[in-house]
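First the structure, in the form of structure tokens, and then the observations on it.
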Amino acid sequence: MSVLIVLFLTAILVLFSGVFEKGKYARYIGILGLIVGLGISFLPECEFFAQYKSMYDYSYNAALFTKVSIVVTTLLFFLGGFAFSNHRSHQSELYALMLFALCGGIVLFGFQNLVTLFIGIEILSIPLYVMAGANKTDLRSTEASMKYFLMGAFATGFLLFGVALVYGSAGSFDLYAIHDFAYNNPKNLMLIMGAILMLSALAFKVSLAPFHMWSPDVYQGSPSLITAFMASVVKISGFFALFKLMTIAFGGIAGDWINILGVFIILTLLLANVMGLVQTNAKRMLAYSSVSHAGYISLIFFGINNFSTYILGYYLFAYSLATVGVFISLIWVEKIKKETSFAAFNGLGKREPLLAVVSTVSMLSMAGIPLTAGFIGKLGIFNQAVAGHYEFLVLIAVLGSALSIAYYLRLIIAMFFYKEDNFHNTERASITYNIVSVVIILALVSMGIVPDIFAKIFGL
């Protein structure tokens, strides 16, 4: 909880820094607060907060995912100077909202109670509804904000209805009390219905089909840096919350919801990868890529073992790094060319070779190509599912990965093999973007060659 307090106070400070110099120093204050928060996350939790463990527990797993989220958010803040160049008048608000959303994610990492789960989801979601509509003069951005808000309201209704049914049957909001009730009453219909409703609500948050319909429009309409935040930090938070809820609270009735999740995974992997093939806009393609990865990550529920949480953390970190890596070039191209079609990336390899390389390595990692972190992450999840005798789902996932290579290659080919279009701007990528690109390339390749680096980075 010490980390949570530091980041919350940083968000407040960033917000009020907008009074001075139009928020010129907001990004630097945010980066400093994130670095301090990251340092504190490696320290033992203060004993003072032990009294709140029934609601929030900064456990070993919560610490791991907190560190991962802070690292990814820090990388995004480094990209913010150029990405938010047309938001000078309210950039402090955007940075503050990102930090508030991160605080919601950290609440989700340590929740012990369904009330805390709901609070964390709302703290995470409400800033996102605002940030999606940050491009005030763009109708797509306004549409993204409204669509995200309305669909999020429906998901919240599902979640609260599920919480009500669970509380009505188990008589408690505590995860472990619900766990005990589920094992002693595995045929309780009210509990089962509550679990399915809550599963559906969180499936919306992580964009599992058929609850993914908001993703393409919201991802395309939102400012690109915010889209990267949604596709990385929000997905990390949502998946860990889903994993913790379903395996702890509803582990005793897993037979009643695991098959439903299996159907979600099959729909997600087939639909998202097929739709990704027909996209002509890179941002929408990445939206469907994000949906497909929700399907791969959900395989973590099948064949669960003692290493499942570690595998989940590894995959989410590798995927988030790759997401930031692709968005580095997307943000730059969008700023220069005012569009994100595949054609806009023509000749990027010649104009900005480092940005093109980091995007290529990132997409190869997303596709699960060997010697990248994405390959190790997928291998870990697939091995676990095969050990649990869910070979059919793994076969569908492998087929989906094969399809994804096709639409990733379209963007790679555009960057390196198509003639450069006439750029109307001579601006070059900043030293910050180049440094972040190098860091991501090194991280993805080194984690793919020596997977134990992940454990060493986060002090496991």
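- A side chain to side chain donor-acceptor pair (under 3.5 Å) check over residues 225-244, counting only residues at least two apart or in different chains, returns the pairs Q112-K244, S207-K235, K235-S290.
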Without placing hydrogens or testing angles, list every side-chain donor-acceptor pair under 3.5 Å for residues 179-187, not counting sequence neighbours.
unit_1, atom_1, unit_2, atom_2, d
N184, ND2, D180, O, 3.0
N185, ND2, F181, O, 3.1

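- Remark: the Y315 side chain and the H293 side chain contain an N/O donor-acceptor pair separated by less than 3.5 Å.
- Shown here for G238 and V206, the closest heavy-atom pair between the two residues is C-CG1, 3.5 Å.
- The ring-ring contact (aromatic ring centres under 6.0 Å, His included) search around Y56 returns none, not counting sequence neighbours.
- Of the possible donor and acceptor atoms, none in the side chain of T66 sits under 3.5 Å from a partner among the backbone N and O of V3.
- Legend: salt bridge (Lys or Arg N to Asp or Glu O under 4.0 Å) pairs involving residues 140-163, not counting sequence neighbours, sorted by first then second residue: E143-K147, K147-D217.
- Remark: Y129 engages Y148, F149 in a ring-ring contact (aromatic ring centres under 6.0 Å, His included) (not counting sequence neighbours).
- Formation of a donor-acceptor pair under 3.5 Å by the Q384 side chain with backbone atoms of I300 is found in this model.
- How far CG of L286 is from OH of Y407: 9.0 Å, rounded to the nearest 0.5 Å.
- In this structure, a donor-acceptor pair under 3.5 Å is present between the side chains of T340 and N281.
- With S329 as reference, S359 is the one residue of S359, S362, S437 to meet the side-chain hydrogen bond (donor to acceptor under 3.5 Å, both in side chains) rule.
- Distance check: I381 CD1 to I311 CD1 gives 7.0 Å after rounding to the nearest 0.5 Å.
- Judged as a side-chain contact (heavy atoms from CB on, under 4.5 Å), and not counting sequence neighbours, the contacts of T116 are M55, V107, F111, N113.
- Of all heavy-atom pairs between F100 and P127, the closest is CB-CG, 4.1 Å.
- Judged purely by atom type and a 3.5 angstrom limit, S145 has no side-chain atom pairing as donor or acceptor with the backbone of T142.
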Using distance only, find each side-chain donor-acceptor pair of residues 57-65 under 3.5 Å and give its atom names and separation, not counting sequence neighbours.
unit_1, atom_1, unit_2, atom_2, d
Y58, OH, S41, O, 3.1
S59, OG, A62, N, 3.3

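- Closest approach of Y219 and A231 over heavy atoms only: OH-CA, 3.6 Å.
- At distances below 3.5 Å, at least one donor-acceptor pair connects side-chain atoms of Y433 with backbone N or O atoms of L79.
- Atom CZ of F161 has 12 or fewer neighbouring heavy atoms from other residues, nucleotides or ligands inside a 6.0 Å radius.
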Name every donor-acceptor pair, under 3.5 Å, that has one atom in a side chain of residues 163-174 and the other anywhere in the protein, sequence neighbours excluded.
unit_1, atom_1, unit_2, atom_2, d
S169, OG, L165, O, 3.1
S169, OG, V166, O, 2.9
S172, OG, D174, N, 3.0
D174, OD2, Y176, N, 3.0
D174, OD2, A177, N, 3.1

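- Taking the six-membered ring for Trp and thresholds of 30 and 60 degrees, Y25 and Y28 have ring planes inclined between 30 and 60 degrees apart.
- Stacking of K67 on the aromatic ring of F42 is recorded, both the 6.0 Å distance cut-off and the 45° axial limit being met.
- Not counting sequence neighbours, the partners of F302 by the ring-ring contact (aromatic ring centres under 6.0 Å, His included) test are Y390.
- Put simply, CD1 on I236 and OG on S69 are 4.5 Å apart, with the number rounded to the nearest 0.5 Å.
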Under 3.5 Å, which donor-acceptor pairs link side chains of residues 453-460 to any protein atom two or more places apart or in another chain?
none

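- Taking T156 as the reference, E122 meet the side-chain hydrogen bond (donor to acceptor under 3.5 Å, both in side chains) condition, with sequence neighbours excluded.
- Ring centers of F264 and F211: under 6.0 Å apart, within the cut-off.
- Applying the ring-ring contact (aromatic ring centres under 6.0 Å, His included) rule to Y408 yields no partners; only residues at least two apart in sequence or on another chain are considered.
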